[in-house]
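As structure tokens, the structure follows; a few thoughts come after it.
These numbers come from a predicted model, not from an experiment. Sequence lines set the chain letters: A, B, ... in the order given, protein chains first and strands last, and positions in each chain run from 1.
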Amino acid sequence: METKFNPSAIEQALYQSWEEKGYFKPSGQGDSYSIMIPPPNVTGSLHMGHAFQDTIMDTLIRYKRMQGNNTLWQVGTDHAGIATQMVVERKLAAEEDKTRHDLGRDAFIDRIWDWKKESGGTITKQLRRLGASVDWDRERFTMDEGLSEAVKEVFVRLHKEDLIYRGKRLVNWDPKLHTAISDLEVENKDKKGSMWNLRYPLADGVKTQDGKDYIVVATTRPETMLGDTGVAVNPEDERYQDLIGKDIILPIVNRRISIVADEHADMEKGTGCVKITPAHDFNDNEVGKRHQLPMINIFDKDAAILSQGESYDFTGKAIELDAPIPERLHGLDRFAARKAIIAEFEEAGLLEEIEDHSLTVPYGDRSGVVIEPLLTDQWYVRVAPLAEPAVQAVKDGEIQFVPKQYENMYFSWMNDVQDWCISRQLWWGHRIPAWYDENGQVYVGRDEAEVRAENQLADDVKLTQDEDVLDTWFSSALWTFSTLGWPEQTPDLKTFHPTDVLVTGFDIIFFWVARMIMMTMHFNKDENGKAQVPFKTVYVTGLIRDENGDKMSKSKGNVLDPIDMIDGIDLESLVEKRCGNMMQPQLAKKIEKNTRKAFEAGIEAHGTDALRFTLAAMASTGRDINWDMNRLEGYRNFCNKLWNASRYVLMNTQDQDCGYGDNQDFEYSLADRWILGQFENTVKTFTDHLDNYRFDLAANTAYEFTWNQFCDWYLELTKPVLNSGTEAQQRATRYTLITVLEKLLRLMHPLIPYITDAIWKNVAPLTGVNQDTIMLQAFPTFDANKVDEAAMADLDWVKQFILGIRNIRGEMDISPNKPLNTFIKNASAEDKRRLTENQGFLQGLAKLESITVLNEGDEAPVSSAALVGEMSILIPMAGLIDVEAELARIDKNIEKIAKDLARVEGKLKNDNFVSKAPAAVIDKEKAKLAEMQTAISKLEEQKSTIKAL
RNA sequence: GGACGCUUAGCUCAGUUGGGAGAGCAUCGCCCUUACAAGGCGAGGGUCACUGGUUCGAGCCCAGUAGCGUCCA
């Protein structure tokens, strides 16, 4: 083995071999354990957040696989409607200067499939590099035939049950992408803008209480006044009591509208009068429904002004209501129209005031343009009936969120859930299985033939399919069961559903998790007819942010590619990667500057295992996780430490008798017995943490044992034995070395699969195991019989002894190479036993020339002393230690202890404490006090001895 | 405006039922000792945001304040 761990030399070959040999497939043995990967967007590539979640999933799957479960990790991708369509449209524009309309729907969709074939492999390559043990043969895509069947089936059934309906409703319209989007795809941003106060003239000579012939309404979107169908005042508002029911002549269009009383009008805000535009504002829409006001749409699909308003009654039915718009405004974009309308108000003396105003503006998360509420025909899922059992399942604990706090987030959204707009005006996606005849009558069915048959439509009735497609989340809501073959009742569905755990970020609890629970429970029942949940546990991860705590995003240019953490990348390539092919090229300079500053020397290679270990170690319960390159480096060093420790073990065990042969003559050292027990305790703690989804604590446990116990102490303690022990002693130590290392590798394999398998291949044969891979070996189990408490206590004493000497060496600048003569004072019978038994360890690790036990009354040379309980270890100062320095060292120690002592003393003098605290606590404090008193008196004694010189 | 979360060492973060403040990185000192300088040994460093309450005892429980963040309106 090389002296440095080189991940690139082992990783890809190992993965290939695991995959080829089919190790990732369900074994078909044992209890099933399944995880469905949250399907990443096929257009994209995995970012650090994916790497984080995938590491956790792989750790769980490998852990359960080693525990003997029949494990399935289902992999796949999502067709990502808008995102994918946009990517291919942009490519088409750049390379051929064509739009999708030039190609036509079918040809365009063919292009998307071509593109997917070409670049859809990015994600699967990345997943392989991360070591993900997914069953590739079952890889699925939301647009696959099988999944498309499931989507159709669900749509048709929900429609039959009246849980899907079509209606003219106000939706969030993206005027750039020409599609409706759901509430969740809207990003609300705080902006500074203006509030325009407009005068609306009263009709029929009516006057306000203060004698004016107009009222004033305030608006942030003046252009929508063209579609006003009322003005609301608060019913309690005394100022306007006598105006309720009176009319207004709407300026510019000269349409007559009424004043209604509605609580939506806030008396405190502005003048207390609110213009009502039911076709262009969600709140106004509600007001309109309450007062049965008509709706007038004034925008086309680009959000430009129509030449004639389109009128509907409050239910969305078209009505004959003349809503002319002056020709000078026709075709104006909404923002141009805003300017023009303000100018006209001003000219007419109807502009009362413009105030600065901060407001929340909705933006499309994909297009980045301002969303316009627009009346359109859309398909909706009636969510309330589906939500009820979905809420109950979480309340009953059938589904548990980890950490639990996220249940609140789920409940708060579910309790106020809106109907879900599922139609999208796109070409890429699952086409809605609905057909229209020439009268606009709609028929829903699995295909056209079924529609004709079910509705007795003659062959000459012309039917056309709905042009729209379904929201991508509609198909991903079916993910846990559609991937297993539903609607067929397949054996896979029976075996692996419900799945065990869903690993995801809190940002998609609404988008995905909630909808998955609703859909799954509605369509999947167990043999008793009880609704089946999609998963038993939802493990919610935090979001990975950059080193400044900012969200990683392409437009900020602070995204990190997990592959760059693994392989490293030079600065120029990183700059190119971040600045090339941007949607907003003007940001490139700034991003380049920030990148050059943050990664002066590029990024070094760290390997997959270090990346995975880092991600696991950062998986605490918080909502934000700030990425830290320093930690990655630290854990790379950890991998190197493990590598070198293994080299040491192998050097001392290969081609030697490790006790796995016939000769069973063993004589274990204290260190052997101690490390065996320490390891068992580590297994227990590590397993508990994994079972509780505390990957951070599990990683710390593994790190602490490996570095601070196994390497720092145990390996050092084997050296005296291997150098000068008897054959039986050496055999026992070799046995312990190789056994503990082999088990440790198995323990850590789920976290760091590559390095553990690579080392294990060398280690296992020495324990008599000749198999191909660690990943199919049993996970270590805790064995209480191997925990030797006496050995633990004895070794603790040995450590304290050695630490005492090292502390004096360190503080007094005595070279670690200088052998020391020591004297022992006040040794108890037990101390003497421990001294005798462990002389080799003490001399070896503390580098001692001699240890002389002083009897009562023996003269000791003037020395510096270290304490182990009552016993003192003396190092003669002559020629080594300066008197002043030693006095200072003693004072420092006394001072430190005295501070603590005072506190404990105070506690014990407090009658309240002594009478009310539990006896165990008091005893502990008393013992502590005694110990500190002894220590101080010994130190004082030492001091006076030295001073007496 | 409403809801939730966060504030612990220079940095990134742990801290289980309330009972002696921890880790990694960074810093300082000494060491190229035959597993490892991506290392070894030793050391320093905290008013646990602030104020008050409950308690014998609070980083932890309760109330309030400030700052930051996320979601919703």
Side-chain angles (χ1 to χ4, degrees), chain A residues 1-6 183-184 187-188 282-283 360 403 405-406 408-409 412-413 416 506-507 509-510 542-543 545 547 549-551 604 606-607 610 614 617-652 688-689 692 694 696-697 699-701 703-704 707-708 711-712 715-716 718-719 723 802-803 805-818 844-847 889 892 900 903-904 906-908 910-918 920-922 924-925 927-929 931-932:
Chain A
M1 282 166 76
E2 295 182 32
T3 61
K4 277 205 169 97
F5 171 50
N6 178 9
D183 293 347
L184 298 171
E187 267 183 69
N188 292 304
F282 287 96
N283 288 317
T360 310
Q405 40 169 339
Y406 289 107
N408 292 331
M409 205 184 216
S412 74
W413 189 69
D416 183 35
F506 65 81
D507 53 330
I509 287 180
F510 310 143
L543 292 189
R545 298 169 175 281
E547 61 280 1
D550 291 327
K551 202 168 164 174
E604 270 184 72
H606 295 85
T614 309
M618 298 200 310
S620 59
T621 58
R623 283 213 304 210
D624 300 312
I625 293 162
N626 292 349
W627 180 249
D628 182 0
M629 290 300 293
N630 290 323
R631 285 189 75 170
L632 179 64
E633 197 183 324
Y635 292 123
R636 179 195 59 175
N637 295 353
F638 172 73
C639 290
N640 188 51
K641 189 77 178 174
L642 176 65
W643 183 261
N644 276 294
S646 304
R647 281 181 57 226
Y648 170 82
V649 173
L650 288 169
M651 278 173 176
N652 287 289
D688 285 349
H689 288 322
N692 289 306
R694 285 304 300 267
D696 57 333
L697 300 180
N700 282 341
T701 302
Y703 184 102
E704 208 276 338
W707 201 314
N708 303 118
C711 292
D712 285 352
L715 296 190
E716 295 305 320
T718 61
K719 287 174 186 173
N723 285 336
I802 294 164
L803 287 172
I805 306 272
R806 283 178 183 171
N807 176 273
I808 293 173
R809 278 189 195 271
E811 300 249 328
M812 295 302 149
D813 282 352
I814 300 170
S815 159
N817 300 322
K818 167 115 188 127
L845 272 72
K847 190 109 186 172
R889 188 182 74 93
K892 196 175 76 182
D900 251 15
R903 210 179 45 211
V904 174
K907 252 185 177 176
L908 287 167
N910 184 340
D911 288 340
N912 279 325
F913 175 73
V914 180
S915 61
K916 292 192 180 169
V921 173
I922 296 171
K924 216 167 131 190
E925 292 295 314
K928 212 158 48 178
L929 181 73
E931 199 182 306
M932 289 191 287

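Residue-to-nucleotide proximity on RNA chain B shows that, of A/M932 and A/M651, the 5′-proximal contact is made by A/M932.
Atom pair A/N652:CG and B/C36:P shows a separation of 12 Å (rounding to whole Å applied). Residue A/L697 contributes atom CG, which lies 6 Å from atom P of B/G15 at whole-angstrom precision. In this structure, NZ of A/K847 is placed 12 Å from C1' of B/C31, rounded to the nearest angstrom. Note: CG (A/N723) to P (B/A35) measures 9 Å, nearest angstrom. When rounded to the nearest whole Å, the span between OH of A/Y406 and C1' of B/G5 equals 9 Å. Following rounding to the nearest Å, A/D900 (CG) and B/G20 (P) show an atom-to-atom distance of 10 Å. Nucleotide B/A58 holds its P atom 14 Å from the NZ atom of A/K916, rounded to whole Å.
Distances shorter than 4.0 Å separate some side-chain N or O of A/N626 from OP1 or OP2 on B/C13.
Separating the OG atom in A/S620 from the CZ atom in A/R694 is a distance of 6.5 Å, to the nearest 0.5 Å. Taking CG of A/D688 as the start and OG1 of A/T701 as the end, the distance is 9.5 Å to the nearest 0.5 Å.
Residue A/C639 is classed as having no contact, given no heavy-atom separation below 4.0 Å to the nucleic acid. Using a 4.0 Å heavy-atom criterion, one finds that A/K818 contacts no nucleic acid atom at all. When heavy atoms are screened at a 4.0 angstrom cut-off, A/E716 is found touching base atoms of the nucleic acid. Within 4.0 Å (heavy atoms only), A/N630 reaches sugar-phosphate atoms of the nucleic acid but no base atom. Within the nucleic acid shown, A/R694 comes within 4.0 Å of sugar-phosphate atoms alone, with no base atom in reach, counting heavy atoms only.
A salt bridge links A/K719 with A/E716: the closest approach of a Lys/Arg side-chain nitrogen to an acidic carboxylate oxygen falls below 4.0 angstrom.
For A/W643 (side chain) and A/E2 (main-chain N/O), a donor-acceptor pair under 3.5 Å exists by modelled atom type.
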Would you mind building the protein contact string for nucleotides 37-45 of chain B? One character per nucleotide, 5' to 3', B for base within reach (heavy atoms under 4.0 Å), S for sugar-phosphate only, - for untouched. -BSSSSSS-

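In RNA chain B, consecutive stretches of 3 or more Watson-Crick or G-U wobble pairs with both distances under 3.5 Å are given as paired ranges: B:1-7 with B:66-72, B:10-13 with B:22-25, B:27-31 with B:39-43, B:49-53 with B:61-65.
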